[in-house]
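Some notes on the structure that comes next.
Since this is a predicted model, take the numbers as computed values, not measurements. Computation of the quantities below employed the complete heavy-atom set of this structure, encompassing side-chain atoms and omitting hydrogens, waters and symmetry-equivalent molecules. A note on names: the letters A, B, ... follow the listed sequences, proteins ahead of strands, and every chain is numbered from 1.
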2 protein chains.
Amino acid sequence: MAERGRPRAFDRDEALRRAMVLFWQRGYDGASLGELTEAMGINRPSLYAAFGSKEALFREAVALYDATEGAPIQEKIEQSPTARQAVEAVLRHNARAYVRTDVPRGCLVVLAALIGTPEHEDLRCFLKENRKGAEDYLCQRIARGISDGDVPATADPAAMARFYTTVNQGLSIQARDGASMEVLDSVVDAAMVAWDGLTAGTPSTKSTARAGQNNPSI
Amino acid sequence: MAERGRPRAFDRDEALRRAMVLFWQRGYDGASLGELTEAMGINRPSLYAAFGSKEALFREAVALYDATEGAPIQEKIEQSPTARQAVEAVLRHNARAYVRTDVPRGCLVVLAALIGTPEHEDLRCFLKENRKGAEDYLCQRIARGISDGDVPATADPAAMARFYTTVNQGLSIQARDGASMEVLDSVVDAAMVAWDGLTAGTPSTKSTARAGQNNPSI
DNA sequence: CCTTTTAGATACCGATTGGTACGTAAATGC
DNA sequence: GCATTTACGTACCAATCGGTATCTAAAAGG
C-alpha cells in the first residue's frame, strides 16, 4: 500500500510554508512563479504537480496561515475569561506578531490581495470572506460576554467587532509602515480606552457631528 | 510665443484624472499600460510623451489625488473649531467619501501600493511618506487643540494621531470589503468614544494586559 | 528481469508586461 | 511655400508572466 512511483524529493509542508512566507511578503501578484520555486527549492513542474496552480498554492498558503498564525489567536479568544480580555489579547498578540523579524510584517490575509486586476477578483473575495470570518468570530465572542455577564446587555457586539477589526486591520498597515511594537501597543491602548463607552450603549445617538455632514453650509 | 508644433489632441488634466481613477481602482501593478491608455483615451507614445513613464504618471496621479480628495479634508482640519471636531470631521468625511459610487472605494494612498515586488519599493515608500504626512498633519492639529485650550495638556497628540490614523486606514479596507456608510460611521462612532479617555492622560500605564503578553503562563 | 507509476529537469509555449522606433499629420515661424 | 517643431498611430522590442510538453530518474509490483 506504499506510494507507487518515485518518491517526492522535497518536503511538501516545508515548501508550502516557504511559499506562504513569500506570498506574505510580496502579495499574490508580487510573488512570481520564479521567486516561488526558488524560495520553495523546487522547479516549476514540481510545483504544479504538487499544488495544481499558483492560485491553488496561494489558497493552501492562506489555509496554512490560518492554521499556524491564527491558532494562538483563536486560543486567546476562547480561553480569555472575559470578552474585554479576549479582544485586548487578540490586539496585543497582533501588535507583537506584526513586528516579528522572522516573518513579514502585518497580516497576510489583510495585505496579500487587497486590490488588483479583475482577473483575480475571486481571490480577493476569498480573502475578504476570511476577514469577514474573523470579524464574525470576534462578534460571537463579545456576544458570549453578554451571556457570561461580563459585558452589559446594552452593548452592540456587531458594532464592537467591526470597530476592533478595523483597528486590527489598520495595525497591519502601520506595521508595514515600520511601526514598532510600542507604537502598535499605543494604538491598542487607545482602542481599548473606548471599551467601557462602547459597552455602555449605542453611541450613534450621542454623536454630534453625524447629521448634516453632507451639508456644505456646515 | 504660442506652442510651436502640433497641438496635443487630448486634455492632459482629464487624461491624468482618468489615470488616477484607474490606479485608485486597481492599484499600481494592477493597472496595465493597455488599460491606462484605453481609460485615458490616448495611445502609448502619447502617454510617455506627456507623463514620462508609468511610475511618473502614478506619482502625478497621487499628487492630483492629494489636491482633489485631500483638499476638503485639509479644510475641515483647519476650520474645525476644536481638535475633536476636526478629527471627527475627517473620519466622517472619509466614511462618506469611501463609499462614493463615482470613484473606487477607499483611499488611493492606502490601497494602491501596499506590498509588491522589490522593484517598486521606492514607490511604496513614496506612498508611505504620504501616509506619514497625513498622520503628522493630524498630530499637529491635535497639538494645536492643546494650545487652543480645547484639549487637555495631558493628551498625547502623537499617540492620538496614530490611533485615529490607524482607524482611518482600516476604514479603507472596510470600504473595499463592501461596508456601507452606516457601518463605517459606526466605526467612527466607536473611535470617537475613546476621545475623552485619550485626552485624560496616557492610557499605557493603566493597561492591565500589556505586561507579560509574551509569558505563556498567563 | 520488465512494466508501471510518479517525480525531477530542461526547454519551451502563447500572452502580456513596460517601453520605443519610426513614419505621418498638424501646427508655427520665416 | 518651406523648414521646423511637436504630436499621433502603427508596429515593434526584449523581458517576464503563468503554465506545459517531454524526456529522464527513481521507486514499487509482477
Side-chain angles (χ1 to χ4, degrees), chain A residues 1-16 18-19 22-23 25-61 112-113 115-124 126, chain B residues 1-16 18-19 22-23 25-61 112-113 115-124 126:
Chain A
M1 270 302 278
E3 316 86 43
R4 277 289 293 268
R6 175 176 173 174
R8 182 178 284 133
F10 63 93
D11 183 340
R12 191 184 188 278
D13 294 338
E14 175 60 19
L16 177 59
R18 295 190 190 179
L22 193 66
F23 280 129
Q25 174 127 139
R26 305 225 194 288
Y28 179 77
D29 287 314
S32 71
L33 278 183
E35 287 176 311
L36 282 166
T37 54
E38 183 184 348
M40 299 165 82
I42 64 179
N43 46 38
R44 224 171 284 217
S46 296
L47 189 155
Y48 278 81
F51 299 100
S53 69
K54 184 186 179 184
E55 179 170 336
L57 173 64
F58 179 77
R59 291 176 187 263
E60 271 203 62
I115 60 180
T117 76
E119 181 187 1
H120 299 134
E121 172 81 40
D122 53 342
L123 248 185
R124 291 193 294 277
F126 169 66
Chain B
M1 271 300 278
E3 316 85 42
R4 279 289 294 267
R6 174 175 175 176
R8 183 178 283 133
F10 63 93
D11 183 340
R12 191 184 188 277
D13 294 338
E14 175 61 19
L16 177 59
R18 294 189 190 179
L22 192 65
F23 280 130
Q25 173 125 163
R26 304 223 194 293
Y28 179 77
D29 287 315
S32 71
L33 278 183
E35 287 176 309
L36 282 166
T37 54
E38 184 184 349
M40 299 165 81
I42 65 179
N43 46 37
R44 225 171 285 219
S46 296
L47 188 156
Y48 278 83
F51 300 100
S53 68
K54 183 186 179 184
E55 177 169 335
L57 173 64
F58 179 75
R59 289 174 188 264
E60 271 202 64
I115 61 180
T117 74
E119 181 187 359
H120 299 133
E121 172 80 40
D122 53 342
L123 208 55
R124 291 193 294 278
F126 168 67

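Looking at the side chain of B/Phe10, the nearest of the listed nucleotides D/dG18, D/dC8, D/dA21 is D/dC8. Of the listed nucleotides (C/dG19, D/dA21, D/dG19), D/dA21 has the atom at the smallest distance from the side chain of A/Pro45. With D/dG19, C/dG18, C/dA7 as the choices, the nucleotide that has an atom nearest any side-chain atom of B/Leu33 turns out to be C/dG18.
Across B/Gly30 and A/Thr117, no two heavy atoms sit closer than the pair O-CG2, 3.7 Å.
B/Phe58 has its CZ atom 14 Å from the P atom of C/dG19, to the nearest Å. With rounding to whole Å, A/Ile42 atom CD1 is found 18 Å from C/dT6 atom P. Rounding to whole angstrom units, CZ of residue A/Arg8 and C1' of D/dA27 are separated by 14 Å. Here the C1' atom of nucleotide D/dG18 and the CD atom of A/Glu35 are 14 Å apart, to the nearest Å. Nucleotide C/dG8 holds its P atom 12 Å from the CG atom of A/Asp11, rounded to whole Å. Going from atom CG of A/Leu47 over to atom P of C/dA9 covers 13 Å, rounded to whole Å. The interatomic distance linking A/Glu119 (CD) with D/dG19 (P) rounds to 9 Å, in whole Å. To the nearest angstrom, C1' of D/dT22 lies 17 Å from OH of A/Tyr48.
Backbone-only engagement by B/Ala9 is indicated by non-hydrogen atom pairs under 4.0 Å involving sugar-phosphate atoms exclusively. At the heavy-atom level, A/Pro7 lies under 4.0 Å from the strands shown only through sugar-phosphate atoms.
Both B/Ala31 and B/Gly5 lie near DNA chain C, and the one whose nearest nucleotide falls closer to the 5' end is B/Ala31. Sequence order on DNA chain D of the closest nucleotides to B/Arg44 and B/Arg6 puts B/Arg6 first from the 5' end.
In this structure, the side chain of B/Arg12 engages the main chain of B/Ala50 through a donor-acceptor pair within 3.5 Å. The main-chain N or O of A/Leu33 is found under 3.5 Å from a side-chain atom of A/Thr37 such that the two form a donor-acceptor pair.
In this pair, A/Phe23 and A/Tyr28 present their aromatic rings parallel. The plane angle is below 30°, not in the 30 to 60° band.
Remark: B/Ser32 is in phosphate contact with C/dT17, judged by side-chain N or O atoms under 4.0 Å from OP1 or OP2. The phosphate of C/dG8 (OP1 or OP2) has no side-chain N or O of A/Asn43 nearer than 4.0 angstrom. A sub-4.0 Å separation between OP1 or OP2 of C/dA27 and a side-chain N or O of B/Arg4 is absent.
Seen from the ring of B/Phe126, B/Arg124 does not count as a face-on cation partner, given the 6.0 Å and 45° thresholds.
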